[in-house]
Trainee: 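First the structure, then my questions, so here it is.
Proteins get letters first, then strands, A, B, ... in listed order; numbering begins at 1 in each. Keep in mind it's a predicted model, so treat the numbers as computed, not measured.
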Number of protein chains: 2
Amino acid sequence: MARTSSKDVANRAGVSIATVSHVINGTRFVSEETRAKVREAIAVLNYRPNAIARGLVTNSTRIIGLVVSDITNPFFTAVARGVEDEMIGQGYNTIFCNTDEDPQREDNYLHLLAAQQIDGLIIAPTGVNSDSLIALAKTDVPIVQLDRRSPRLEAPLIGVDNETGVYQAVQYLIGLGHRRIAFLMGFETVSTQIDRFNGWKRALLEANLPAGDELIIRADPRFYGVVPSLSETVVQPASHDHAMPSAYEALQELLCSPDRPTAIFAATNQLTSGTLYAFNECGLRCPEDISLIGFDDHDWAPLFSPPLTVVSQPTYRLGQVAARFLMQLINGEQVEPPSSLPVQLIIRGSCAAPAGSGGVRSNSRVD
Amino acid sequence: MARTSSKDVANRAGVSIATVSHVINGTRFVSEETRAKVREAIAVLNYRPNAIARGLVTNSTRIIGLVVSDITNPFFTAVARGVEDEMIGQGYNTIFCNTDEDPQREDNYLHLLAAQQIDGLIIAPTGVNSDSLIALAKTDVPIVQLDRRSPRLEAPLIGVDNETGVYQAVQYLIGLGHRRIAFLMGFETVSTQIDRFNGWKRALLEANLPAGDELIIRADPRFYGVVPSLSETVVQPASHDHAMPSAYEALQELLCSPDRPTAIFAATNQLTSGTLYAFNECGLRCPEDISLIGFDDHDWAPLFSPPLTVVSQPTYRLGQVAARFLMQLINGEQVEPPSSLPVQLIIRGSCAAPAGSGGVRSNSRVD
DNA sequence: CTGTTAGCGCTTTCAA
DNA sequence: TTGAAAGCGCTAACAG
């Protein structure tokens, strides 16, 4: 239909389109009288300024892009809220995009966002093949990397101290008496996975404990695997190429082997859940038979069976900080990026001393 | 910065901007020779067509808006994936917005989306005060309502059969021997809450069981409440006005009363979690002391303690169907909206016969 | 205090 | 087979 334009408003109010523009934006003085007429015309015509046209001339949209890698992960939704709340407070809107860890999808969205002339970008990059990202960075659009960094990209990073987080968690496990502690990780292309891996390795090496390949398991962090009772509800990413097994599948062999680890550190939210499924499948009780620590907390972790011991990140805060920093960049302020935020080990019920060590279960249920 | 425009490309290739436009869009014949020159110029200049400008003239953006009420709810993220996957397949992009059940925020995003000249809209409306929504509907932008319907809005709805879903679930509870079954619900302004409520009531009345006010509890569906160990990680919606208690708070009194219900139906994902927290607080074991069924399943429900018995919705599918239908609307096809999708009761471990009835626990753990 | 006018970067007739 | 030029709806000088 004929979308009403400022010209229509101008006609109806008997003024010029310039005046209409000015009463809308408050960008120069307009007499109370004409202002009233214009406003009335706007109301009757149900007029909405076309942001597209405006953006074309102002070269600014007051929109930022937020690109995350898995919208299904509570970590990112919590972060997104932080970003969004902060941006709204500043009069900016945020467009939310989900890449599903798929570089091609990332590329696609980066195109879209660039074409939409966003004023800034917050991104948790997939970490691979980031041509569009590099290209975007070459324009004047301010970018901040969220949670993880892309190789080749020179942009400030807002993240947490991953290495220390798992280092301390593994130390805790060692303190409990564990000697064989496996590490379950996702894509090696994402920097947090490497950082966490390094934390695991450092703790082990310092304690003269094995940290060899047989203790490192890789799995696709985007889905759980074959869980019969759930097969209909589990969402399978459309773009998943099945190159990597799910956590559930990846763990089968290790868990059934005679010298299986006595504890597992899962480097991701979803990996942690997959591990629990695998435990169930193999008839292992947690923490009696095997201990588990996951990276990243969420509201439901205490309700799990067992309540999850986790390394917790300040998710909402992370989003806030990233947004606030991006705004400074957009406003042209010269500021240092905030240093990485601290993480915290939250001890609940998924860890105990290894079986046969005579230790007790280390538990602190919610109550 | 000087973002490169089609003029730059035209200059470098020694052709007119019209030709540039046509090689980009394949909209008329261009000789292989000039086409090559143009493409090369595009490559060296790293040129990206400005979608803003294009949209201004074509009056189409190939972007749709997806507005949901709680990005933190796995239900909506799964639905979002369905929508997104489907739209990408059709060459459309989707802008994702989160209202947090806040009508003002909804209004804000609707403004934004309208200004961005979206080609279509999928929305789970907050249900209150939808002036912007109505206004948008008056333009020619196709709209489909997702999951729930807004009063006053004439737009097709893609949803599930809520009423039947909880009707059957409550019948199951009755079959187990329960007579006092409470209903925990969120905002009465959202249609699904009413539908679910009606299902509960119908099942109870048919069985001549009490369905009075003392069995209806209302709580804010957006957060869990005061859980000390979690106080730092629980996200509190910025816009929350604290008019309603959390599920956790709302249930205290009822659960401590002498004739507390023997079962609870929670009308929402997050309400279900809140209920579990409340159980813990009151020292009630589930399902031994009290049974629980929640509306909506998710990947983690089987890992809860106890594994959750739920009414499950086809989330991903719902998104797909909504997207597909919207595309038909956008393409001007005259089609009937699909009828509501079926839901399914999934029995796991959170229900048992009421204490003292001599019944057995009805359980089916993941294994 | 308000109107005229020149573009923003693109698509699309109309001509050649 | 390609160019010239008119506009899409808006903002921002520049005039008055």
Trainee: Could you tell me how far apart A/Leu45 (CG) and D/dG9 (C1') are, to the nearest whole angstrom?
Mentor: 15 Å
Trainee: With a non-hydrogen cut-off below 4.0 angstrom, is B/Ile52 in contact with a base, only sugar-phosphate, or nothing?
Mentor: nothing
Trainee: Nearest of C/dT2, C/dC10, D/dA12 to any side-chain atom of B/Ser5?
Mentor: C/dC10
Trainee: Taking atom CD of A/Glu33 as the centre, report whether more than 12 heavy atoms of other residues, nucleotides or ligands fall under 6.0 Å from it.
Mentor: no
Trainee: Would you name the heavy atoms of A/Pro125 and A/Arg148 that are closest together and state the gap between them?
Mentor: O-NE, 3.0 Å
Trainee: May I have the distance from A/His22 (atom NE2) to D/dC14 (atom P), rounded to whole angstrom?
Mentor: 13 Å
Trainee: Rounding to a whole Å, what distance do you find between B/Lys7:NZ and C/dC8:C1'?
Mentor: 10 Å
Trainee: Need to verify one output field. Residue with the more 5' nearest nucleotide on DNA chain D, B/Thr34 or A/Thr58?
Mentor: B/Thr34
Trainee: Whole angstroms only, please: what is the CZ-P distance between B/Arg35 and D/dT2?
Mentor: 10 Å
Trainee: Between C1' on C/dT11 and CD1 on B/Ile24, what's the gap in Å once rounded to a whole number?
Mentor: 11 Å
Trainee: Within the structure shown, what part of the strands sits under 4.0 Å from A/Val15 by heavy-atom distance: base, sugar-phosphate, or nothing?
Mentor: sugar-phosphate
Trainee: Nearest nucleotide by nearest heavy atom, which residue falls closer to the 5' end of DNA chain D, B/Ser16 or A/Arg28?
Mentor: B/Ser16
Trainee: Begin with the C-alpha distance, continue with both residues' side-chain angles, and end with the deciding distance and a verdict on side chain to side chain contact (heavy atoms under 4.5 Å, CB included) for A/Thr126 and A/Val190.
Mentor: CA-CA 6 Å; A/Thr126 60; A/Val190 349; over 6 Å; no
Trainee: Atom CZ of B/Arg54 to atom C1' of C/dC8: distance rounded to whole Å?
Mentor: 16 Å
Trainee: Measure the distance from CD1 on A/Ile17 to P on C/dG3 and round it to the nearest whole Å.
Mentor: 11 Å
Trainee: Between C/dT12, C/dG9, C/dT2, which one does the side chain of B/Ser21 approach most closely?
Mentor: C/dT12
Trainee: Once you round it to whole Å, what is the distance between C1' of D/dC8 and CD of B/Gln117?
Mentor: 10 Å
Trainee: Strictly below 4.0 Å: does B/Asn25 bring a side-chain N or O up to OP1 or OP2 of C/dT11?
Mentor: yes
Trainee: Contact class for A/Thr19 (heavy atom, under 4.0 Å): base, sugar-phosphate, or nothing?
Mentor: sugar-phosphate
Trainee: Rounded at 0.5 Å granularity, tell me how far CG in B/Leu326 sits from CD in B/Gln90.
Mentor: 9.5 Å
Trainee: For A/Ser31 and B/Ser6, take the nucleotide of DNA chain C holding the closest heavy atom to each; which residue's nucleotide lies nearer the 5' end?
Mentor: A/Ser31
Trainee: Rounded at 0.5 Å granularity, tell me how far CD in B/Glu106 sits from CG in B/Leu113.
Mentor: 11.0 Å
